[in-house]
Structures are given as C-alpha cells and as structure tokens.
Asker: 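Would you mind keeping the following structure in view while I ask a few things?
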Amino acid sequence: MSTKRILSGIRTTGALHLGHYFGALQNWIRLQEEYECFFLLADVQALTTHFDRVEEIESSAREVVLDFLAVGLDPEKSTFFIQSQVPELTELSMYFGMFTRMKELELNPTVKSELKAQKDIYYGFMGYPVSQAADILLFTTIPPESGDELLVPVGEDQVPHLESTRKTARKFNEIYGETFVIPSTLVSEFPRLPGLNMEKMSKSADNAIFLKDSADEVRTKIVKAFTDPTKEKANSPGHPHGCAIFQYYKALAPKIADEIEIACQKGEIGCVADKQRLIEIANEFLQPIRERRKKIKKIRLI
Ligand code: TRP
C-alpha cells in the first residue's frame, strides 16, 4: 500500500513564537488529521549556530515539545522526534555529502543570506542543507512504491533546501538505484509574520511574541510595537501596510483586518486604540494555549 507522509522540523533554539504558529504549526495541526506525520526537533541543526550553547538547545527542546502539545499537535496522531536521537540521520548526511557539490551549497540563497549574520564560516553550517536532505529522505519507505508521497510543509525560506533535497534524492537514485521518494514542498500560504519592529522575527532580536508569554508580557510588547511613523495623531490617515500591528491583525483576526485597514487609512482609529484591541485579541488567542501548556507541564513532567 502506498504511503502519504509528512515530514517537517523546527530548530530547537528557543520557545516557539507566533511566527512559528502562523508559518508552520497551524498547518501541521490540520495535516495531522490526514497524513502520517513526523515532526522533527532539529537539535543537531541548532548546533550549527549554537555549538557553544548546548544547554540552551537542550532546554529549548523541552520548550518546543510543550509548545507542540499546547497548540494541539497530538502525539497519538503525529510522531515527534529529536534529531540527535536518530544517529542514522547523521550517517546518511555523511553519505549525501560525498556527491553534493560545494558550489550548490554556496549558491543556496538561504545559506547565503544567513551567512551574512556570521563571523566565521563553519563546515557544519555549510553542510546543513545536506543534513536536512537526510532528515527528509529517511522517511521514504524503502523501496518506494508507486504512489508514495512525502510532503514537506515549510516556509518560503526553506524552498531552496527542498530543491536541493530533491536533487540529492534524484542523484542518489541515479547512482545507486531507485531508493528515495522525491519529496514535494508544501509552501506555507501565510506570508512570514514580521517581528514587532517590522524586522525578521527572532528571539535574539527581542521582537517576538512567544506562545508562552503571559498576558502582561504580550501587553508590554504590543504597546512598544512599531506603527506607521507618519501617522502623527490618532485621526491622521495611516499606512497600515508598513505597520507591524496591522500584520498581526491579519494573522490573529483576519475577519476584522479589512475593517481596521480602512479605519486606519481614513484616520478613524488611532494607534493606541488599535493596539489595545490587538492586545485583547492576542491574549484571547493565547490564553487556551497557555492553559494547556501549564497543565501539560504539570502532568507530563517535561
Ligand atoms: N531548517 C529548518 C528551520 O530552520 C528546520 C529543519 C531541519 C527542517 N530539518 C528539516 C524543516 C527538515 C523541514 C524539513 O526551521
């Protein structure tokens, strides 16, 4: 019988935030109803940037599992696994590395842009797309049957890695015989949620709302968030598209985002009121997640 599998992963470099929720988790929760799902806690890949902060990776893995459970990923339906606990992944990436050209890694646009933030270029970092190919292709049923599907739901930034994984699968099959299913990419429909300062959302930039943030933390963060600097008074016309708050409305309350957009443009709503309403919406959304997280933390001793 043919298999329909999903494999995706998240680096364990901190607790998860709203960007993860709208870019990935929300999709995964839906997909687990239809597919055999595998969700990877990529702690080895986390080492590429955190090799000298191992304790952080370990505590993050716990936080990420709590977040998975709190948002409704269900271990009865989906398999969560820790990359370092499956040594076959490391082994497979070694073999893949033998026929992966350096040029391909150097030209990968995601790797290129991530390298800008790094002082030194490490061998392990350059090879992470190879290791990611192993993460994905290990979930082939060997030998593959016609009709087998391996789908990888990811954000836009991961698309080059998936292209490279498909290449790896094809090349391996060509050299050693039909072994791996060629995986398909499911790109998240939701555009990447920016940080509260409109830059790329990340823990280190201190511009993210975490799923575990308290109501007060959410309030403080939203109050400080970036809005249209040209909207000087509450009743001056604003430009919602350059405003972080508007992006969060689109994610958290898509039904009222249109109404907010028009009211802001017409100068009918000021940024303070706009933020107040978003604080309530965000906290309403996060409250059940926080409660489940607290309960699970007690019961499962994670
Ligand atoms: N690179 C992904 C990220 O930064 C994490 C990841 C590791 C992954 N292995 C994967 C994603 C396999 C999809 C499939 O979030």
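Start at 1 and go down the list; that is how both ligands and their atoms are numbered.
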Asker: Taking the ring of Phe81 and the ring of Phe139, is the distance between their centroids below 6.0 Å?
Answerer: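 Yes; Phe81 has its ring centre under 6.0 Å from that of Phe139.
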Asker: Can you tell me which residues line ligand 1 if we count any heavy atom under 4.0 angstrom from one of its atoms, in chain and number order?
Answerer: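 For ligand 1, the residues that come within the 4.0 Å heavy-atom cutoff are Leu7, Ser8, Gly9, Arg11, Leu40, Ala42, Gln45, Gln132, Asp135, Ile136, Val152, Val154, Gln158.
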Asker: For the residue pair Tyr176 and Phe172, does the interplanar ring angle fall in the parallel (under 30°), tilted (30 to 60°) or perpendicular (over 60°) class?
Answerer: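 Because their plane-to-plane angle lies in the 30° to 60° range, the rings of Tyr176 and Phe172 count as tilted.
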Asker: Going by the rule side-chain hydrogen bond (donor to acceptor under 3.5 Å, both in side chains), which residues pair with Ser236 if we only count those two or more places apart in sequence or in a different chain?
Answerer: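 In terms of side-chain hydrogen bond (donor to acceptor under 3.5 Å, both in side chains), with neighbours along the sequence ignored, Ser236 is linked to no residue.
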Asker: Please set out all donor-acceptor pairs under 3.5 angstrom arising from side-chain atoms of residues 69-78, sequence neighbours excluded.
Answerer:
unit_1 : atom_1 : unit_2 : atom_2 : d
Asp74  : OD1    : Glu76  : N      : 2.8
Lys77  : NZ     : Glu33  : OE1    : 3.4
Lys77  : NZ     : Glu33  : OE2    : 3.0
Ser78  : OG     : Gln32  : OE1    : 2.9

Asker: Ring-plane angle category for Phe246 and His241, please: parallel below 30°, perpendicular beyond 60°, tilted otherwise.
Answerer: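 Plane angle over 60°, so perpendicular.
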Asker: Return the set of residues passing salt bridge (Lys or Arg N to Asp or Glu O under 4.0 Å) with Arg166 (not counting sequence neighbours), or none when no residue passes.
Answerer: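 Arg166: salt bridge (Lys or Arg N to Asp or Glu O under 4.0 Å) contacts with Glu163.
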